[in-house]
Amino acid sequence: EILFSLQCRNKDWEGAHKSISGMFGQKKNFSGNDLRRKESVVLTAAAKESQLNGMTDKAISFARKAVKKTSNFIPGIVLCAELEHLVGKKAAGVKLIKTSWEVEPHPLLASVYANFFPDETPDSRLERFQSLLRNSNHIETAIVTASLNIAVEDFPKARSVLVPYTEGEIDARVATLMAAAEKGCGE
């Protein structure tokens with residue numbers, strides 16, 4: 001564990017990956033899930049560093065391995081999807097985002113999905129996002145749906161989507177979007 005910590009501090013991602021792989025045999029202080037998550041974090045860091053150093057093929061290899069280790073580590077998923085898009089495999093990036101969103105909607109997933117098509121109109125974006133927004137009982141889905149409807153000036157629809165999330169403690173994003181929707185409705 002000490003060696004692993006030192007390797008991480010020194011950004012020796014390949015060494016840290018070897019150390020974490022060795023910990024799988026020991027499993028003294030960590031569960032298998034904890035070790036897979038740590039491995040995914042290390043692989044994502046290695047992918048990011050490789051990307052920054054212009055080694056795109058190596059970066060995408062690390063990112064794909066990170067996603068395989070833990071399919072719910074959002075930073076790894078986001079980086080992998082962005083790299084897939086960067087190398088011209090937009091469909092693979094979109095599939096990764098959609099699959100991850102179905103399991104657990106997250107604002108970074110929606111942001112990357114939106115960024116894949118930066119020049120589309122608000123109407124086109126709303127239409128494209130329909131395939132992503134099937135998980136309708138989640139706050140992130142409501143937030144994205146409301147944002148998209150505000151962009152196309154369908155304020156009543158935005159408001160109706162947010163109403164279930166205005167009870168009790170209100171998420172700041174919900175409150176902001178609700179205010180915009182109500183203002184758009186003339187209230």
Have a look at Ile74 and tell me which of Leu108, Leu79, Thr44 forms a side chain to side chain contact (heavy atoms under 4.5 Å, CB included) with it. Leu108
Go through the steps for Val152 and Arg125 under the test side chain to side chain contact (heavy atoms under 4.5 Å, CB included), then give the verdict. CA-CA 9 Å; Val152 298; Arg125 181 162 289 175; over 6 Å; no
Between OG on residue Ser111 and NE2 on residue His106, distance to nearest 0.5 Å: 10.5 Å
Please report the C-alpha distance between Ile143 and Ile139 in whole Å, then the side-chain angles of each, then the deciding distance to 0.1 Å, and finally whether the side chain to side chain contact (heavy atoms under 4.5 Å, CB included) criterion is met. CA-CA 6 Å; Ile143 288 169; Ile139 190 170; 3.9 Å; yes
Within 6.0 angstrom of Glu182 CD, more than 12 heavy atoms from elsewhere: yes
Nearest heavy-atom neighbours spanning Ala181 and Ala158: CB-CB, 4.0 Å
Do you know the tightest heavy-atom contact between Ile97 and Ala81? CD1-CB, 3.7 Å
What's the spacing between Ile60 CD1 and Lys58 NZ if we round to 0.5 Å? 15.0 Å
Would you kindly confirm whether Ile77 and Leu132 end up in one hydrophobic cluster when ILVMFWY residues are joined by side chain heavy atoms under 4.5 Å apart? yes
Do the non-hydrogen side-chain atoms of Glu49 and Phe62 ever get within less than 4.5 Å of each other? no
Spacing of Leu43 atom CG and Ser61 atom OG [to the nearest 0.5 Å]: 9.0 Å
According to a hydrophobic-cluster definition based on side-chain heavy atoms being under 4.5 Å apart (Ile, Leu, Val, Met, Phe, Trp, Tyr only), do Leu126 and Phe116 belong together? yes
Scanning both residues in full, the closest heavy-atom pair of Phe73 with Ser40 reads CD2-OG, 3.5 Å
Heavy-atom closest pair, residues Ala59 and Gln51: CB-N, 3.6 Å
Distance to the ring centre below 6.0 angstrom and angle to the axis at most 45 degrees; does that hold for Arg173 and Tyr165? no
Do the side chains of Leu148 and Val94 join up, straight or via other hydrophobic residues, at under 4.5 Å, putting them in one cluster? yes
Can Val112 be reached from Leu109 by stepping across I, L, V, M, F, W or Y side chains whose heavy atoms are under 4.5 Å apart? yes
Do any pairs count as a side-chain hydrogen bond (donor to acceptor under 3.5 Å, both in side chains) and have a residue in residues 148-164, sequence neighbours left out, and if so which ones? Arg159-Glu187
Using the side-chain hydrogen bond (donor to acceptor under 3.5 Å, both in side chains) rule, collect all pairs that involve residues 73-98, keeping only residues at least two apart or in two chains. Arg64-Glu84, Lys98-Ser131
Step by step, would you call Val163 with Met178 a side chain to side chain contact (heavy atoms under 4.5 Å, CB included)? CA-CA 8 Å; Val163 166; Met178 184 59 94; 3.9 Å; yes
So Leu133 and Trp101, side chain to side chain contact (heavy atoms under 4.5 Å, CB included) or not? Walk me through it. CA-CA 8 Å; Leu133 300 174; Trp101 184 272; 4.1 Å; yes
Within this structure, what is the CD1-OG1 distance for the pair Ile150 and Thr145, rounded to the nearest 0.5 Å? 11.0 Å
Residues Ser71 and Ser100: closest non-hydrogen pair is O-OG, 4.4 Å
Spacing of OG belonging to Ser50 relative to CG belonging to Asp57, to within rounding of 0.5 Å: 10.5 Å
Is a salt bridge present between Glu39 and Lys68, judged by a nitrogen-to-oxygen distance below 4.0 Å? no
Value for CG (Leu177) from CD1 (Ile170), rounded to nearest 0.5 Å, stands at 12.0 Å
When clusters are formed by joining ILVMFWY residues with side-chain heavy atoms under 4.5 Å apart, either directly or through shared neighbours, do Leu96 and Phe117 land in the same one? yes
Provide the closest heavy-atom pair for Ala180 versus Phe155 in the form atom of the first, atom of the second, distance. O-CD2, 4.0 Å
